[in-house]
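Below is one structure, written out as structure tokens; comments come after it.
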Amino acid sequence: MITAVKGMNDILPGEIAKWRFVEETARKVFSLYGFSELRTPVVEKTELFSRGMGQDTDVVEKQMYTFTDKGDSSLTLRPEATASVMRAVIEHGLLGQEPVQKLFTIGPMFRYERPQKGRYRQFHQINCERLGEAGPLSDAETLALAYEIAVALGLSGVVLEVNSLGCPACRPAFKKALQDFLEAKKEGLCPDCLRRMYTNPLRVLDCKVETCKTAVEGAPENSGYLCDECRTHYDTVLAGLDALYIPYEKNPRLVRGLDYYIRTAFEMTAKGLGSQNAVGGGGRYDGLVAALGGNDVPGVGFAFGMERLLMLIPDMAEEKKGCFIAALGENTKKEALKLAAQLRRKGIRTELAPEKSFKVQMKQAGKSGYPVCLIIGDDEMAAGTVAVKDMKTGVQDQVKQEDLLKRLADIVR
RNA sequence: GUGAGUGUAGCUCAGUUGGUAGAGCACAGGAUUGUGGCUCCUGUGGCCGUGGGUUCGAGCCCCAUCACUCACCCCA
């Protein structure tokens with residue numbers, strides 16, 4: 001048997017209603033905020049990601065699906081959307097036409113990781129990018145937008161956590177202070193953290209090992225090291241959220257895995273997701289457009305993990321409107337076919353029973369989930385009627401063919 | 001890349017200190033009518049993940065391998 005590639009899943013008909021619900025809800029909220037959708041290719045030049053996300057992030061170092069094509073170019077299946085969107089914006093000069101770009105995109109991403117709950121090799125993101133505004137209120141409104149999507153999806157127990165990561169001016173001082181602090185606590189740290197305290201000291205704050213948690217108690221917080229500009233930026237973001245009535249929690253330990261984030265960073269977490277408890281996250285990335293060869297344009301953005309959102313939404317069945325037609329006896333089949341064609345032309349969804357025994361047809365009608373089943377047999381043909389059976393109550397009556405549309409209109413709409 | 005758990009019928013799972021392979025659901029046929037979901041009867045369906053080993057004998061014990069799952073790591 002040929003199976004799907006590890007970590008890449010089929011989305012079967014029974015699940016599709018949920019997927020569409022999530023996508024459509026997100027589109028609706030984005031449009032309320034004046035955001036436009038775009039789509040970029042799934043494959044990009046490898047360099048785009050190594051320059052965008054940072055050479056020594058885990059994603060770039062070991063999680064990319066990179067290959068060489070027949071023209072000897074190094075290409076990569078996109079592991080995230082932000083770099084691709086920046087590339088498209090720069091390439092098409094969108095900022096020249098309209099200096100503020102509010103964009104979103106929805107689609108599959110690829111990362112070579114060991115799959116587990118909420119983490120797959122092909123996964124889907126809802127991605128939001130807002131370019132051309134450096135002010136803190138654009139951060140606030142963007143976080144509000146993210147929060148409103150969660151609300152519109154009916155998610156409960158989602159917490160918005162916020163932090164400021166500082167900027168290239170003030171972050172080094174904090175990093176240094178943190179490293180000095182950790183140096184003194186070395187004995188308590190797990191092997192991973194001993195390595196991390198040099199490569200990415202902020203990550204140690206995030207470690208789940210008990211001894212590390214205690215070792216890290218009383219560690220310096222970056223809020224004490226923010227420069228004046230970052231300080232006021234952060235305060236204004238929080239004030240903006242208050243003004244918009246968006247509930248949030250400050251989390252001084254919050255970090256981001258990608259290099260391009262500065263200042264505002266946030267995450268939305270939920271229970272019931274296993275250990276991958278972040279449904280979405282993002283932040284500000286002012287240097288990114290310039291790093292990718294564009295002008296010095298600021299930006300904020302975020303991404304939701306669709307699979308993680310879906311885990312929080314109860315199963316939904318597609319509501320079946322329309323009708324099912326069962327035909328009794330050989331000579332009525334053609335009549336049923338004609339009837340189905342007429343109804344479809346009127347915009348009524350109509351499904352014909354399989355060409356099997358009448359008993360099987362009725363069984364199918366029951367399973368199909370349609371609210372009504374039309375039955376046509378010799379008696380009906382002679383009388384010019386159709387039997388209309390209400391599948392919930394089991395009640396049925398004879399309806400004249402010319403009255404059928406009117407009759408169905410009530411049930412089917 | 002590291003660790004743990006699980007692989008038995010289409011699905012969900014039982015399977016006693018190693019002694020001939022089970023249930024429910026689903027599916028097919030019938031009781032049963034010009035009508036499904038309920039009830040009853042009957043039936044189809046398994047190389048017990050794969051390859052070795054121990055044993056008179058392995059679904060069960062041992063080794064290897066593959067797959068899935070969860071966790072570490074990382075992230076959305």
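Residue M306(A) is out of contact with every strand shown, counting any heavy-atom pair closer than 4.0 Å. Among the atoms of the strands shown, none is found under 4.0 Å from any heavy atom of A365(A). Contacts of I375(A) with the nucleic acid, taken as non-hydrogen atoms under 4.0 Å apart, include base atoms. Residue Q276(A) is classed as a base contact, given a heavy-atom separation below 4.0 Å to a base. Among the protein residues, G118(A) comes within range of the nucleic acid bases, having at least one heavy atom under 4.0 Å from a base atom. At the heavy-atom level, F123(A) lies under 4.0 Å from base atoms of the strands shown.
Under 4.0 Å is where a charged nitrogen must lie from a carboxylate oxygen, and between E335(A) and K333(A) no such pair does.
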Which atoms of nucleotides 24-31 of chain B (N or O only) lie under 3.5 Å from a protein N or O atom, and what are those distances?
residue : atom : partner : partner atom : Å
rC27(B) : OP1  : K367(A) : NZ           : 2.7

N/O-N/O pairs, protein side and nucleotides 2-4 of chain B side, under 3.5 Å:
residue : atom : partner : partner atom : Å
rU2(B)  : O4   : R114(A) : NH1          : 3.0
rU2(B)  : O4   : R114(A) : NH2          : 3.3
rG3(B)  : O6   : R114(A) : NH2          : 3.2

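Take the nearest nucleotide of RNA chain B for M391(A) and for E307(A): the residue whose nucleotide is more 5' is M391(A). Each of Q364(A) and F304(A) was assigned the nucleotide of RNA chain B with the nearest heavy atom; the assignment lying further toward the 5' end belongs to Q364(A).
One N or O donor and one acceptor, one from the side chain of Q396(A) and one from the base of rU35(B), sit under 3.5 Å apart. In terms of polar N and O atoms assigned as donor or acceptor, the side chain of K62(A) never comes within less than 3.5 Å of the base of rG1(B) in a complementary pairing. Between the side chain of R119(A) and the base of rC73(B) there is at least one donor-acceptor pair of N/O atoms closer than 3.5 Å.
The neighbour count for Y65(A) OH, taken as heavy atoms of other residues, nucleotides or ligands under 6.0 Å away, is above 12. Heavy-atom neighbours of R20(A) CZ from other residues, nucleotides or ligands within 6.0 Å: at or below the threshold of 12.
The distance between the ring centers of F104(A) and F35(A) does not fall below 6.0 angstrom.
Paired runs in RNA chain B that reach 3 or more consecutive Watson-Crick or G-U pairs, where each pair keeps both distances under 3.5 Å, cover B:1-7 with B:66-72, B:10-13 with B:22-25, B:27-31 with B:39-43, B:49-53 with B:61-65.
Listed nucleotides: rU35(B), rA71(B), rC73(B). Nearest to the side chain of D58(A): rC73(B).
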